[in-house]
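Residue numbers begin at 1 in each chain, while the letters A, B, ... track the order of the sequences.
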Number of protein chains: 2
Amino acid sequence: MAATILLVEDEPGIQELVKFNLSQAGHAVMCADSAEQALMITRETLPDLMLLDWMLPGMSGIELARIFRTDVRMKQVPIIMLTARGDERDKVLGLETGADDYITKPFSPRELSARIKAVLRRRAPQMTEDRVEVRGLSLDPVSHRVIGNNVALELGPTEFRLLHFMMTHPERVYSRAQLLDHVWGDHVFVEERTVDVHIRRLRLALEVSGHEDLIETVRGAGYRLSAQS
Amino acid sequence: MAATILLVEDEPGIQELVKFNLSQAGHAVMCADSAEQALMITRETLPDLMLLDWMLPGMSGIELARIFRTDVRMKQVPIIMLTARGDERDKVLGLETGADDYITKPFSPRELSARIKAVLRRRAPQMTEDRVEVRGLSLDPVSHRVIGNNVALELGPTEFRLLHFMMTHPERVYSRAQLLDHVWGDHVFVEERTVDVHIRRLRLALEVSGHEDLIETVRGAGYRLSAQS
DNA sequence: TATCATATGACAAGAAAATGACAAGAAAAT
DNA sequence: ATTTTCTTGTCATTTTCTTGTCATATGATA
């Protein structure tokens with residue numbers, strides 16, 4: 001659960017403290033002591049989450065949050081507000097600007113990291129939930145099941161993703177590099193030949209219901225899932 | 001069928017009336033007289049359902065609904081719109097925004113509670129008092145009993161809730177994070193691995209009647225209750 | 001045939017899940 | 001109020017499953 005966190009806090013003491021705790025928890029921390037600086041930093045690297053103090057010199061935390069929420073690029077960065085105890089009433093009002101959660105100072109490291117975890121956890125992207133079906137082979141992302149001719153097939157996580165991708169993009173050749181990008185993710189360093197191995201594993205799994213010929217090898221180009229019999 | 005319901009309604013008379021009826025029906029009611037206040041309340045406790053007046057001072061009901069639907073955390077809270085007498089345009093718009101149902105004022109307490117029940121049944125079946133049965137295992141929320149093949153099973157509170165949730169949402173994989181949100185509650189901070197432990201405890205309890213294989217592990221994805229034999 | 005691309009089998013490192021044990025806390029009983 | 005019994009969340013450990021890579025076999029192509 002290591003994330004890049006942007007901490008916006010003007011008080012040096014608290015900044016240090018929080019920074020220490022977050023680092024301890026394995027996060028990469030970037031610090032800013034003003035909203036303006038936060039914006040600059042954000043231009044460079046988009047954080048996975050922002051911890052934002054309410055009271056800041058210059059532009060207030062609320063204003064910064066509002067800017068974040070209107071900007072396409074930063075719109076989806078979760079924000080946790082840090083508010084001082086006491087004047088919760090006003091501050092809570094500001095939460096409608098789109099903070100995901102808030103913590104009142106003082107807070108324990110434990111609570112902080114728990115909230116961070118909870119907020120991050122909800123931001124997990126979910127893929128399409130539509131069931132795909134090709135030549136008697138059906139894959140259901142919701143139940144995470146693959147059934148070929150009424151036989152349940154067993155495939156590992158990677159094979160599942162691979163099949164899902166190919167079933168949703170049939171009749172089209174994908175090079176190993178493209179498959180790596182789409183199925184593994186584009187910043188993964190993996191040998192291209194590895195794709196071969198997974199294709200084989202996938203075919204092996206599909207053999208149970210006789211769907212192994214669904215995936216065709218296109219020599220010199222890559223692989224293709226063919227819908228025609 | 002006790003649910004936590006957030007009522008957003010600016011007119012004091014109606015607010016009181018509805019509040020009374022809902023409490024009568026055994027629900028926990030939270031009231032807000034503006035969209036802004038509703039958002040504040042929601043930060044604290046996520047309701048099981050929101051009753052939302054169309055016309056509100058400040059931010060309108062529609063806008064609030066829209067915010068709910070884009071927020072990861074509130075996305076799944078069912079919304080019932082309260083609209084003044086049947087303007088079809090409103091209805092359509094309301095439903096498009098993601099309301100689950102709408103009621104036109106004036107409405108009878110009877111109708112209100114019927115619709116609430118219907119919506120909950122659809123969106124949050126584990127909130128209802130209906131008995132669930134899967135492959136010879138039956139769970140009755142009313143008597144708080146679980147019986148598998150005529151054998152009474154003993155399970156702790158958390159295991160009971162976990163099983164109830166999974167039985168009302170079969171054939172669907174839930175990640176640990178999702179299970180935490182649905183079974184533990186969304187403001188609870190617990191390690192994801194804890195889910196594993198409770199799944200194990202649940203399986204252990206189900207072993208007595210041989211239903212332990214009902215709960216399947218989907219590696220890399222989460223857990224699933226399988227309805228098929 | 002010589003060469004290149006793909007298939008296949010094996011394997012070790014690593015990730016994910018299952019399991020057992022434990023202490024703090026809540027609830028119930030006294 | 002105190003003791004006893006359960007429940008819960010977390011950790012450390014073990015077990016099981018995945019995955020990327022390599023070496024080698026097989027097959028296509030020129």
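- To the nearest angstrom, P of D/dG9 lies 13 Å from CG of B/Leu179.
- Panel note: side chain A/Arg161, backbone A/Gly156; no donor-acceptor pair is recorded below 3.5 Å.
- Just one of B/Leu225, B/Leu179, B/Leu155 meets the side chain to side chain contact (heavy atoms under 4.5 Å, CB included) condition when paired with B/Leu162; it is B/Leu179.
- Terminal axes of the helix from C/dT1-D/dA30 to C/dT30-D/dA1 (five pairs each, C1' rotation axis) are separated by 30°, to the nearest 10°.
- Counted within 6.0 Å of CD on A/Glu171, heavy atoms from surrounding residues, nucleotides or ligands total more than 12; the atom is thus considered enclosed.
- The stretch residues 189-200 of chain A touches DNA chain D through A/Val190, A/Glu191, A/Thr194, A/Val197, A/His198, each having a heavy atom within less than 4.0 Å of the strand.
- OP1 or OP2 of C/dA18 sits under 4.0 Å from a side-chain N or O of B/Arg203.
- Note: CZ (A/Phe160) to P (D/dT19) measures 13 Å, nearest angstrom.
- In summary, the side chains of B/Thr217 and B/Arg203 do present a donor paired with an acceptor at a separation below 3.5 Å, with no hydrogens or angles considered.
- Distances shown here put a side-chain N or O of A/Tyr223 below 4.0 Å from the OP1 or OP2 atom of C/dA7.
- As a whole-Å value, the separation of B/Glu159 CD from D/dG9 C1' is 12 Å.
- Spacing between atom CG of A/Leu162 and atom C1' of D/dG20 amounts to 15 Å, rounded to whole angstrom units.
- Side chain B/Arg219 to base D/dT16: a donor-acceptor pair is found below 3.5 Å.
- Whole-Å rounding puts the B/Leu202 CG to C/dA17 C1' distance at 16 Å.
- Put simply, B/Trp184 has a side-chain N or O that comes within less than 4.0 Å of OP1 or OP2 on D/dG9.
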Residues B/Asp101, B/Arg115; criterion salt bridge (charged side-chain N to carboxylate O under 4.0 Å, His left out); working and verdict: CA-CA 8 Å; B/Asp101 202 353; B/Arg115 298 223 180 209; 3.1 Å; yes

For a salt bridge (charged side-chain N to carboxylate O under 4.0 Å, His left out) check, start with the C-alpha distance between B/Asp48 and B/Arg123, then their side-chain angles and the critical distance, and finish with the verdict. CA-CA 9 Å; B/Asp48 297 317; B/Arg123 298 276 295 240; over 6 Å; no

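- Spacing between atom CD of B/Glu212 and atom C1' of C/dA18 amounts to 14 Å, rounded to whole angstrom units.
- Between the CD atom of A/Glu207 and the P atom of C/dT8 there is a distance of 9 Å, given to the nearest Å.
- When distances run from any side-chain atom of B/Arg161 to the nucleotides D/dT8, C/dA18, D/dG20, the shortest one goes to D/dT8.
- Between A/Thr217 and C/dA5 there is no side-chain N or O to OP1 or OP2 distance below 4.0 Å.
- At a cut-off of 3.5 Å, with distance as the only test, no side-chain donor of B/Thr128 or B/Arg122 sits close to an acceptor on the other residue.
- For B/Leu204 and B/Ala221, each mapped to the nucleotide of DNA chain C holding its nearest heavy atom, the one lying further toward the 5' end belongs to B/Ala221.
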Working for salt bridge (charged side-chain N to carboxylate O under 4.0 Å, His left out), residues B/Glu216 and A/Arg145: CA-CA 12 Å; B/Glu216 302 177 335; A/Arg145 270 200 164 118; 3.1 Å; yes

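- Among the protein residues, A/Glu154 comes within range of no part of the nucleic acid, since none of its heavy atoms lies under 4.0 Å from any strand.
- Within the 4.5 Å cutoff, no side-chain heavy atoms of A/Val142 are placed close to those of B/Arg224.
- No donor-acceptor distance shorter than 3.5 angstrom exists from the side chain of B/His27 to the backbone of B/Ser23, with no hydrogens or angles considered.
- Phosphate proximity of D/dT7 to B/Arg201: absent, as no side-chain N or O sits under 4.0 Å from OP1 or OP2.
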